[in-house]
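In what follows, a structure is listed as structure tokens, so that the remarks can point back to it.
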There are 2 protein chains.
Amino acid sequence: MPLEIPEVVIDRLPVYFRLLSGLQSRGVGVVSSQELGDALGVTPAQIRKDLSYFGRFGKQGRGYSVDRLAEELRLILGLDRRWKVVLVGVGRLGRAIASYRGFDPQGFDIVATYDVNPEAQSAGMDDLEVRDISRLEEDLAAQQIDIGIVAVPAGEAQAVIDRLIAGGVNSILNYAPIAAQVPPHVQVRQIDPVLALQGMTYHLRRRG
Amino acid sequence: MPLEIPEVVIDRLPVYFRLLSGLQSRGVGVVSSQELGDALGVTPAQIRKDLSYFGRFGKQGRGYSVDRLAEELRLILGLDRRWKVVLVGVGRLGRAIASYRGFDPQGFDIVATYDVNPEAQSAGMDDLEVRDISRLEEDLAAQQIDIGIVAVPAGEAQAVIDRLIAGGVNSILNYAPIAAQVPPHVQVRQIDPVLALQGMTYHLRRRG
DNA sequence: CCTTGTGAAATAGTTCACAGCA
DNA sequence: TGCTGTGAACTATTTCACAAGG
């Protein structure tokens with residue numbers, strides 16, 4: 001693991017990991033970079049190069065052990081432990097996020113949810129309590145939270161993000177349609193379907 | 001507009017457009033690339049270079065007219081018309097997508113929704129009818145659909161995407177956690193919060 | 001002055017192509 | 001033979017830096 005690893009590489013590792021998990025559950029024992037590339041629509045060289053930043057996981061002439069490579073990626077990505085997540089904003093979108101079954105099996109625990117109007121929003125929340133957002137600071141002080149998911153309206157999002165960061169949360173998954181301003185030590189990822197659609201219409205406009 | 005425009009540039013235009021829309025509604029008349037860059041956390045040079053692929057929209061010594069630049073981007077991105085969208089999969093996630101208020105004001109009309117179990121899923125769908133997915137092909141033949149949003153379980157997603165493409169839909173917004181296989185003329189964007197979280201845990205693991 | 005638009009320079013990222021090993 | 005791991009070559013993207021215009 002010598003040099004600085006490009007962010008684009010890191011963002012591809014979860015994709016590889018997910019594919020390998022699928023191969024594992026289908027009982028595949030060995031896979032080549034060619035096969036991985038075919039399944040993902042990327043070049044085999046890219047996969048080999050990406051993995052080479054982290055170590056030598058393959059066997060010449062054979063390929064990669066699916067179990068071994070999945071385990072290595074699990075460690076590299078920090079998926080060998082569970083992560084504590086809070087969700088702020090429990091409107092329609094927030095409720096969909098809270099009830100999404102995909103986080104738990106990957107090690108993400110939504111340990112608390114917050115809203116400005118906790119009683120109104122509690123309806124339809126399976127088991128999770130919705131806490132008043134005024135409690136955010138004291139709760140963050142009481143327990144280390146790794147990741148904050150923001151699902152409040154655009155107008156409140158920056159303030160919520162600032163409060164999360166002040167409380168020591170330095171990874172933010174932002175569903176609000178704003179370009180969040182954060183200090184350099186904080187990482188933000190944006191989930192934004194409208195931006196994705198607007199990138200597609202550019203191409204639709206010409207090709208058809 | 002001479003040469004081939006990089007995809008990364010196109011993906012930033014919607015971000016610029018959104019910021020400009022906000023400035024417009026706040027009554028800001030003129031903005032510099034420096035100010036735009038400050039608001040978005042990118043360099044002013046990048047904004048100027050990106051815009052220069054499409055024309056000369058600024059005034060030296062002054063900056064950009066917010067109205068003018070917003071209008072130019074609207075045209076470039078094809079946002080001066082409405083786009084027809086179908087949504088396949090009306091489970092918890094699909095219902096949240098169907099009821100999201102952010103698509104309509106940006107020109108995206110969800111004209112139909114589909115599910116394998118339309119009666120069960122209709123509960124809680126405000127106004128939109130849920131049609132049986134077996135009708136997908138005939139409906140796509142009857143009217144040109146621009147974009148398909150896929151919100152079905154992972155196991156069914158590739159089949160749904162294939163059916164959309166066969167029906168002439170060549171832009172796909174995929175919420176299912178799979179790496180979709182599509183022919184070169186089809187564009188896919190992935191909305192995948194778990195991949196985003198897994199990219200973040202890589203960094204959490206080291207820095208803290 | 002101030003700020004754009006843009007070639008040129010610098011960086012970043014991808015793909016090639018092949019030595020080396022099972 | 002088949003496939004990895006990796007420098008080197010190539011391609012893409014960003015940033016610099018400055019002429020030119022208001």
Side-chain angles (χ1 to χ4, degrees), chain A residues 1-16 19-20 23 28-73 76 179 184 199 202, chain B residues 1-16 19-20 23 28-73 76 179 184 199 202:
Chain A
M1 261 169 274
L3 59 186
E4 183 59 39
I5 293 152
E7 188 63 25
V8 278
V9 171
I10 291 156
D11 285 348
R12 283 192 293 264
L13 298 184
V15 178
Y16 302 160
L19 177 58
L20 289 162
L23 294 175
V28 177
V30 174
V31 70
S32 67
S33 59
Q34 178 72 59
E35 293 166 320
L36 292 172
D38 289 347
L40 296 173
V42 303
T43 64
Q46 177 157 84
I47 291 174
R48 294 200 303 275
K49 177 67 98 175
D50 285 352
L51 296 175
S52 77
Y53 284 102
F54 301 95
R56 269 171 278 218
F57 308 128
K59 283 198 179 36
Q60 285 153 326
R62 284 197 135 299
Y64 299 89
S65 153
V66 171
D67 285 346
R68 163 89 194 286
L69 187 52
E71 184 55 22
E72 295 285 357
L73 288 175
I76 292 164
Y202 171 85
Chain B
M1 261 167 274
L3 60 186
E4 183 59 41
I5 293 153
E7 188 63 24
V8 276
V9 172
I10 291 156
D11 286 347
R12 283 192 293 262
L13 299 184
V15 178
Y16 302 160
L19 177 58
L20 288 162
L23 293 175
V28 177
V30 173
V31 71
S32 67
S33 60
Q34 179 72 58
E35 294 166 320
L36 292 171
D38 289 347
L40 296 173
V42 304
T43 64
Q46 176 159 87
I47 291 175
R48 293 200 303 275
K49 178 66 102 176
D50 285 353
L51 297 175
S52 78
Y53 284 102
F54 301 96
R56 270 172 277 216
F57 307 128
K59 285 198 178 33
Q60 284 154 326
R62 285 198 135 302
Y64 300 88
S65 152
V66 171
D67 285 346
R68 162 88 195 287
L69 188 52
E71 184 56 22
E72 294 286 355
L73 289 175
I76 291 163
Y202 171 84

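In the text below, chain A, chain B and the rest are named by the order of the sequence lines, each starting its count at 1.
Computed from coordinates, the A:Phe54 CZ to D:dT4 C1' distance equals 17 Å when rounded to whole Å. Between the CG atom of A:Leu13 and the P atom of C:dG13 there is a distance of 14 Å, given to the nearest Å. Rounded to a whole Å, the CZ atom of B:Arg56 is 7 Å from the C1' atom of C:dG5. In this entry the distance linking CD of A:Gln46 with P of D:dT11 reads 16 Å, nearest Å. The OH-C1' distance, from B:Tyr53 to C:dT4, rounds to 16 Å in whole Å. For B:Ile10 and D:dT13, the CD1 to P distance is 10 Å, given to the nearest whole Å. The distance between atom CG of B:Leu51 and atom P of C:dT6, rounded to the nearest whole Å, is 11 Å. Summarising the geometry, the separation between CZ on A:Phe57 and C1' on D:dC3 is reported as 17 Å, rounded to the nearest angstrom.
Two residues are said to be in side-chain contact when any heavy atoms from C-beta on lie closer than 4.5 Å; B:Ile76 and A:Tyr202 meet this criterion. Within the 4.5 Å cutoff, side-chain heavy atoms of B:Leu51 are placed close to those of B:Ile47. No side-chain heavy atom of A:Glu72 sits less than 4.5 Å from a side-chain heavy atom of A:Tyr64. Under the 4.5 Å side-chain criterion, counting only non-hydrogen atoms from C-beta, A:Phe57 is not in contact with A:Ser65.
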* To do: Begin with the C-alpha distance, continue with both residues' side-chain angles, and end with the deciding distance and a verdict on side-chain contact (heavy atoms from CB on, under 4.5 Å) for B:Leu73 and B:Phe54.
  => CA-CA 9 Å; B:Leu73 289 175; B:Phe54 301 96; 5.9 Å; no
* To do: Check step by step if side-chain contact (heavy atoms from CB on, under 4.5 Å) holds for A:Val9 and A:Tyr53.
  => CA-CA 9 Å; A:Val9 171; A:Tyr53 284 102; 3.8 Å; yes
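In the set D:dT14, C:dT15, D:dT6, the nucleotide with an atom closest to the side chain of A:Ser52 is D:dT6. Of the candidate nucleotides C:dT4, D:dT4, C:dT6, D:dT4 has the atom nearest to the side chain of A:Tyr64. Closest to the side chain of A:Ala45, from the set C:dC16, D:dT14, D:dG5, is C:dC16.
How far CG of B:Asp67 is from CG of B:Leu20: 9.5 Å, rounded to the nearest 0.5 Å. Atom NZ of A:Lys59 and atom OG of A:Ser32 lie 14.5 Å apart (nearest 0.5 Å).
Summarising the geometry of A:Leu19 relative to A:Ala39, their closest heavy-atom pair is CD2-CB, 3.8 Å, with the distance given to 0.1 Å. Here the closest heavy-atom approach between residue B:Val30 and residue B:Val66 is recorded as N-CG2, 3.9 Å. Here the closest heavy-atom approach between residue A:Lys49 and residue A:Ser52 is recorded as O-OG, 2.7 Å.
Checked by distance alone, B:Arg48 brings a side-chain donor or acceptor within 3.5 Å of a matching partner on the base of C:dG5.
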Do any N or O atoms of the protein come closer than 3.5 Å to N or O atoms of nucleotides 7-12 of chain C, and which pairs are they?
unit_1: C:dG7; atom_1: N7; unit_2: B:Lys49; atom_2: NZ; d: 3.3

Where do N or O atoms of nucleotides 19-22 of chain C meet protein N or O atoms at under 3.5 Å, pair by pair?
unit_1: C:dG20; atom_1: N2; unit_2: A:Gln60; atom_2: NE2; d: 3.2
unit_1: C:dG20; atom_1: N3; unit_2: A:Gln60; atom_2: NE2; d: 3.4
unit_1: C:dC21; atom_1: O4'; unit_2: A:Gln60; atom_2: OE1; d: 2.8

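Residues A:Asp50 and A:Gln46 have side chains that never bring a donor and an acceptor to within less than 3.5 angstrom of each other.
Taking the screw axis at each terminus of the helix from C:dC1-D:dG22 to C:dA22-D:dT1 from five consecutive base pairs, the angle between the two is 10° to within rounding of 10 degrees.
The shortest distance between the side-chain N/O atoms of A:Ser33 and the OP1/OP2 oxygens of D:dT4 is below 4.0 Å.
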